[in-house]
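On a predicted model such as this, the values are computed, not experimentally measured, just so you know. Note: hydrogens, waters and symmetry copies are ignored here, and every other heavy atom, side chains too, is used. Numbers restart at 1 for each chain; the letters A, B, ... are given by sequence-line order, proteins then strands.
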Number of protein chains: 2
Amino acid sequence: MCENFDPTKCPTVGEMLSRLGDKWTVLVIIMLSGGPQRFSDLKRMVVGISQRMLTLTLRALERDGLVERTVHPTVPPRVEYALTDLGRSFGEPIRALGGWVFTNHDQIQKSRSDFDARHARENMKLVKLG
Amino acid sequence: MCENFDPTKCPTVGEMLSRLGDKWTVLVIIMLSGGPQRFSDLKRMVVGISQRMLTLTLRALERDGLVERTVHPTVPPRVEYALTDLGRSFGEPIRALGGWVFTNHDQIQKSRSDFDARHARENMKLVKLG
DNA sequence: CTGGATCCAATGGGATACTG
DNA sequence: CAGTATCCCATTGGATCCAG
């Protein structure tokens, strides 16, 4: 991947992969792909996320320019988060990845259960009893 | 991503994303994309990886059916790792992702430095001195 | 050479309480 | 409502030692 391109850009690839690999980023992006959302609405939509992690996730996405944060100076405060053009374009490779997993899901699952079965048999030998 | 597809497959998407987000998986896949490699060769190619993490990474990839492990019963032992067809096809969405980061690298970096500059200014206010 | 077992430090992330 | 600060636990990953 880095062979044909500027190697100095490779660390950024690693950083974006780490971001994708964290527990919440992709879910938040998916939820925002339907349109802007308020903080508390996102918290409700992304089931299981904590206040803290939603804040951290949104800050990271904002810093990378994938999400735009808009504060409406009303009372009570109203803050909206929306995908930027960059954020929306990011959805494309993500969907490609998701599509790959969907199409190959069964093969992956079969491979896993086969592997686990093989490994279980190997462990049986060591027990020698039971 | 999950809207139009079988929702039971979504956890697998999360698992594969976590795998991609770990520190070594993508690098190992890239190194194997040129052809089969021995354990110690991989350890040399993937600079900085520990024995332990190379083992864990390869096991995970083998379990998912992306990598095939072949033991040649010689002495000293010779073990080769190769991408399967599934593993090679996985490279496609990964490259798409990498390509996206490469093309948008500068915009991401600019967004980050802008964000950091803004945030630095905000923090200055709190210091009130210096 | 391949890789399992163990110990340890760093990080990720949840629960809770508090603020503007 | 939209966060920030703190505490705490689970997981990740590096270093090292050991074995087939």
Side-chain angles (χ1 to χ4, degrees), chain A residues 14-28 31-32 36-63 67-82 115 118-120 122-127, chain B residues 14-28 31-32 36-63 67-82 115 118-119 122-123 125-127:
Chain A
E15 293 160 17
M16 295 309 287
L17 282 169
S18 297
R19 182 116 329 131
L20 286 184
D22 73 24
K23 206 171 171 185
W24 303 110
T25 293
V26 171
L27 287 173
V28 169
M31 291 314 173
L32 286 178
Q37 296 291 344
R38 303 182 56 175
F39 185 88
S40 50
D41 289 333
L42 279 173
K43 176 137 175 38
R44 224 167 295 119
M45 297 166 83
V46 182
V47 180
I49 196 172
S50 63
Q51 237 170 12
R52 176 184 135 88
M53 289 317 296
L54 181 54
T55 300
L56 291 179
T57 302
L58 288 169
R59 285 292 171 281
L61 290 173
E62 187 194 357
R63 190 173 106 97
V67 158
E68 189 185 22
R69 179 172 179 268
T70 311
V71 182
H72 299 85
T74 62
V75 43
R78 175 187 187 86
V79 181
E80 279 196 340
Y81 293 90
F115 181 95
R118 280 201 308 278
H119 206 283
E122 289 164 14
N123 289 343
M124 293 295 267
K125 299 177 187 172
L126 301 177
V127 175
Chain B
E15 293 160 17
M16 296 307 287
L17 282 169
S18 297
R19 183 117 326 133
L20 287 185
D22 73 25
K23 208 171 169 185
W24 303 110
T25 294
V26 171
L27 286 173
V28 169
M31 291 313 173
L32 286 177
Q37 296 292 344
R38 302 182 56 175
F39 185 87
S40 48
D41 290 333
L42 279 174
K43 176 140 175 37
R44 225 167 296 117
M45 297 166 83
V46 183
V47 180
I49 196 172
S50 64
Q51 234 169 19
R52 175 184 140 86
M53 288 316 296
L54 181 55
T55 300
L56 291 180
T57 302
L58 288 169
R59 285 292 171 281
L61 290 173
E62 187 194 359
R63 190 174 106 98
V67 159
E68 189 185 22
R69 179 172 179 267
T70 310
V71 182
H72 298 87
T74 62
V75 42
R78 175 186 186 86
V79 181
E80 279 195 339
Y81 294 90
F115 181 94
R118 278 201 308 277
H119 207 284
E122 288 163 15
N123 288 343
K125 299 177 188 171
L126 301 177
V127 175

Between A/M53 and B/F39, who's closer to the 5' end of DNA chain C by nearest nucleotide?
-> B/F39

Short side-chain N/O contact to D/dG3 OP1/OP2 from A/T55, under 4.0 Å | no

B/W24 CH2 to D/dT11 P, in whole Å, measures 22 Å

Between B/K23 and A/V79, name the one whose nearest nucleotide on DNA chain D is closer to the 5' end.
-> A/V79

Would you sort out whether B/M31 and B/Q37 count as a side chain to side chain contact (heavy atoms under 4.5 Å, CB included), showing the intermediate values?
-> CA-CA 8 Å; B/M31 291 313 173; B/Q37 296 292 344; 5.7 Å; no

Using heavy atoms to find the nearest nucleotide of DNA chain C for A/Q51 and A/P77 separately, return the residue whose nucleotide is more 5′.
-> A/Q51

Atom-pair distance (CG on B/L56; P on D/dG13), nearest Å | 9 Å

Could you check how far CG of A/L54 sits from P of D/dC1, rounded to whole Å?
-> 13 Å

If only side-chain N and O atoms of A/R69 are considered, is one of them under 4.0 Å from the OP1 or OP2 phosphate oxygen of D/dG3?
-> yes

Run the numbers on A/L17 and B/V26 for side chain to side chain contact (heavy atoms under 4.5 Å, CB included), then give the verdict.
-> CA-CA 9 Å; A/L17 282 169; B/V26 171; 3.7 Å; yes

Rounding to the nearest 10°, end axes of the helix from C/dC1-D/dG20 to C/dG20-D/dC1 built from five pairs each make an angle of 40°

A/E80 atom CD is separated from D/dG3 atom C1', nearest whole Å, by 16 Å

Heavy-atom pair of closest approach, residues B/I49 and B/K43 = O-NZ, 3.1 Å

If you look at every heavy atom in B/P76 and B/T74, which pair is closest and at what distance?
-> O-OG1, 2.9 Å

For B/L42 and B/L58, what are the C-alpha separation, side-chain angles and deciding distance, and is it a side chain to side chain contact (heavy atoms under 4.5 Å, CB included)?
-> CA-CA 10 Å; B/L42 279 174; B/L58 288 169; 4.0 Å; yes

Just call it for B/R52: base, sugar-phosphate, or nothing, with non-hydrogen atoms closer than 4.0 Å on any strand.
-> base

How would you label the contact of A/K43 with the nucleic acid (heavy atoms, under 4.0 Å): base, sugar-phosphate, or nothing?
-> nothing

Taking the side chain as every heavy atom from C-beta outward, state whether A/L32 and A/V67 have any atom pair closer than 4.5 Å.
-> yes

Which distance, rounded to the nearest 0.5 Å, do you find between the CD of B/E62 and the NE2 of A/H119?
-> 9.0 Å

Residue pair B/R44, B/D41: steps toward the side chain to side chain contact (heavy atoms under 4.5 Å, CB included) verdict = CA-CA 5 Å; B/R44 225 167 296 117; B/D41 290 333; 3.0 Å; yes

A/L27 and A/K23: which non-hydrogen atoms are nearest, and at how many Å?
-> CD1-O, 4.2 Å

Nt span of DNA chain C in reach of chain A heavy atoms at under 4.0 Å, 5' end first, is C/dG13 to C/dG20

